[in-house]
Amino acid sequence: MISDDTPRGATVWLTGLPSSGKTTIAAAVATRLRERGQRAEILDGDDLRRTVSAGLGFSRADRDENVRRIGALAASLARDGAIVLVAVIAPYAAARAKVRDLHAASGIAYLEVYVATPLDVCARRDAKGLYQRHAGGEFVGLTGVDDPYEAPTTPDLRLDTHDDPVEISAKAVDQLLGAVSESRQF
Ligand SMILES: Nc1ncnc2c1ncn2[C@@H]1O[C@H](COP(=O)(O)OS(=O)(=O)O)[C@@H](OP(=O)(O)O)[C@H]1O
Ligand SMILES: Nc1ncnc2c1ncn2[C@@H]1O[C@H](COP(=O)(O)OP(=O)(O)O)[C@@H](O)[C@H]1O
């Protein structure tokens with residue numbers, strides 16, 4: 001039931017492989033929201049690994065801790081009224097489920113968006129040269145290549161960025177938020 005105490009914000013978690021388009025789509029959604037005067041915050045994995053998750057690596061335990069911290073931060077911002085766009089791989093389903101549960105426990109809207117770009121397309125895009133460095137033997141444990149990525153089985157939205165341009169994906173997220181906000185009045 002909606003009351004005056006119901007949080008007005010929401011968290012949208014964009015999960016997907018490196019270079020799938022999480023950051024690009026989050027930015028496009030934020031632009032759309034801000035143009036309408038809505039408060040949008042972007043939480044990006046790359047940035048947060050330099051601050052709130054500094055010192056964490058890419059083991060399963062560290063990735064889970066990273067996701068837990070970012071989930072708590074997102075919930076806090078959403079509780080304060082922001083639309084929070086999280087662009088973080090979050091490769092493990094159990095860690096993602098915990099973030100969903102944390103939001104549910106506080107009555108905060110939570111949407112999981114699967115940026116379902118296939119590995120070969122991500123590797124061709126290679127926005128940060130990660131796939132190339134991995135192929136060159138510079139490091140091991142790249143998500144989707146030789147480290148796990150547990151794809152969402154029941155996301156709230158799936159984006160096929162190899163078929164759809166950025167603006168179509170951003171519009172789909174915006175429309176999903178609109179549908180949720182109508183039912184929750186944020
Ligand atoms: N081994 C390995 N695997 C995956 N990603 C790697 C790795 N090493 C560095 N990077 C870079 O770190 C970004 C991923 O950070 P995240 O916080 O989103 O990852 S995670 O949810 O904790 O798994 C990720 O950013 P995105 O490309 O934006 O996804 C990479 O640029
Ligand atoms: N339809 C699309 N949707 C999102 N990104 C796209 C699309 N087509 C090409 N790209 C490009 O793919 C790259 C994705 O990089 P980025 O957004 O940093 O991914 P991630 O945050 O998932 O690592 C960018 O260079 C972006 O311009």
Side-chain angles (χ1 to χ4, degrees), residues 11-32 40-75 77 84-100 102 110 112-152 155 157-176:
T11 293
V12 178
W13 195 296
L14 296 143
T15 171
L17 297 173
S19 287
S20 56
K22 303 181 295 296
T23 304
T24 304
I25 294 165
V29 177
T31 298
R32 292 176 72 96
E41 302 280 351
I42 297 178
L43 299 182
D44 191 84
D46 260 351
D47 294 340
L48 293 171
R49 278 180 168 278
R50 285 191 282 272
T51 54
V52 295
S53 291
L56 295 180
F58 292 91
S59 65
R60 176 169 187 158
D62 279 7
R63 289 180 193 262
D64 283 352
E65 175 60 13
N66 179 45
V67 168
R68 188 193 68 76
R69 289 182 194 179
I70 294 170
L73 182 55
L77 289 165
V84 188
L85 303 157
V86 183
V88 169
I89 299 172
Y92 296 105
R96 295 195 300 264
K98 282 185 188 167
V99 175
R100 182 185 283 279
L102 176 75
Y110 179 82
E112 182 175 84
V113 176
Y114 176 27
V115 185
T117 316
L119 178 62
D120 61 318
V121 177
C122 294
R124 267 201 306 279
R125 288 181 182 167
D126 204 7
K128 292 162 199 146
L130 212 56
Y131 291 90
Q132 194 177 16
R133 288 202 289 114
H134 178 270
E138 284 187 39
F139 68 100
V140 295
L142 179 58
T143 302
V145 181
D146 60 349
D147 213 59
Y149 179 72
E150 298 173 357
L157 179 67
R158 174 191 165 108
L159 299 175
D160 291 297
T161 78
H162 48 302
D163 293 327
D164 295 332
V166 180
E167 273 313 317
I168 296 291
S169 296
K171 188 175 174 188
V173 175
D174 198 359
Q175 284 174 338
L176 179 65

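Order of listing sets the numbers, starting from 1, for every ligand and every atom in it.
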Tell me whether R63 contacts the main-chain N or O of A95 through its side chain, where contact means a donor paired with an acceptor under 3.5 Å.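 No: the side chain of R63 does not pair with the backbone of A95.
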
Between D126 and Y131, is there a donor-acceptor pair closer than 3.5 Å when you use the side chain of the first and the backbone of the second?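 At least one qualifying donor-acceptor pair exists.
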
Once you restrict to heavy atoms under 4.0 Å, what part of [X] touches ligand 2? Side chain, backbone, both or neither.
| X | answer |
| --- | --- |
| T117 | neither |
| K22 | both |
| K128 | side chain |

Hey, is D147 one of the residues with a heavy atom under 4.0 angstrom from ligand 1? no

Proximal atoms of ligand 2 relative to L17 (non-hydrogen, under 4.0 Å): 22 (O)

Below 4.0 angstrom from a heavy atom of A127, which ligand 2 atoms are there? Numbered from 1 as shown, please.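 Contacts of ligand 2 toward A127, numbered from 1: 15 (O).
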
Is ligand 1 under 4.0 Å from a heavy atom in the side chain of R49, in the backbone, in both, or in neither? side chain

Which is it for D46 and ligand 1 at heavy atoms under 4.0 Å: side chain, backbone, both or neither?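 Answer for D46: side chain.
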
What I want to know is whether D44 and ligand 2 share at least one N or O pair that is separated by under 3.5 angstrom. no

Hey, is ligand 2 close enough to P18 that some N/O pair sits below 3.5 Å? no

Do me a favour and list the nearest non-hydrogen protein atom to atom 17 (O) of ligand 1 with residue, atom name and distance? N66 ND2, 2.6 Å

Just to be sure I'm reading this right: ignoring hydrogens, which of K128, R63, E65, K22 gets closest to atom 28 (O) of ligand 1? Compare them by their nearest heavy atoms. K128

Stepwise side-chain hydrogen bond (donor to acceptor under 3.5 Å, both in side chains) test for R125 and T24: CA-CA 12 Å; R125 288 181 182 167; T24 304; over 6 Å; no

In the structure I gave you, are the side-chain heavy atoms of L56 and R69 within less than 4.5 Å of one another anywhere?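 In contact.
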
Are the side chains of W13 and I70 in contact, using a 4.5 Å heavy-atom criterion?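 I70 reaches W13 side chain to side chain.
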
For R50 and D47: C-alpha separation, side-chain torsions, deciding distance, then whether salt bridge (charged side-chain N to carboxylate O under 4.0 Å, His left out) applies. CA-CA 6 Å; R50 285 191 282 272; D47 294 340; 3.1 Å; yes

Just distances here: any N/O of I70 and N/O of ligand 1 closer than 3.5 Å? no

Does some non-hydrogen atom of S20 fall short of 4.0 Å from ligand 2? yes

Run the contact test for G16 against ligand 2 with a 4.0 Å cut-off on heavy atoms, strictly below, and give the result.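 Contact check G16 vs ligand 2: negative.
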
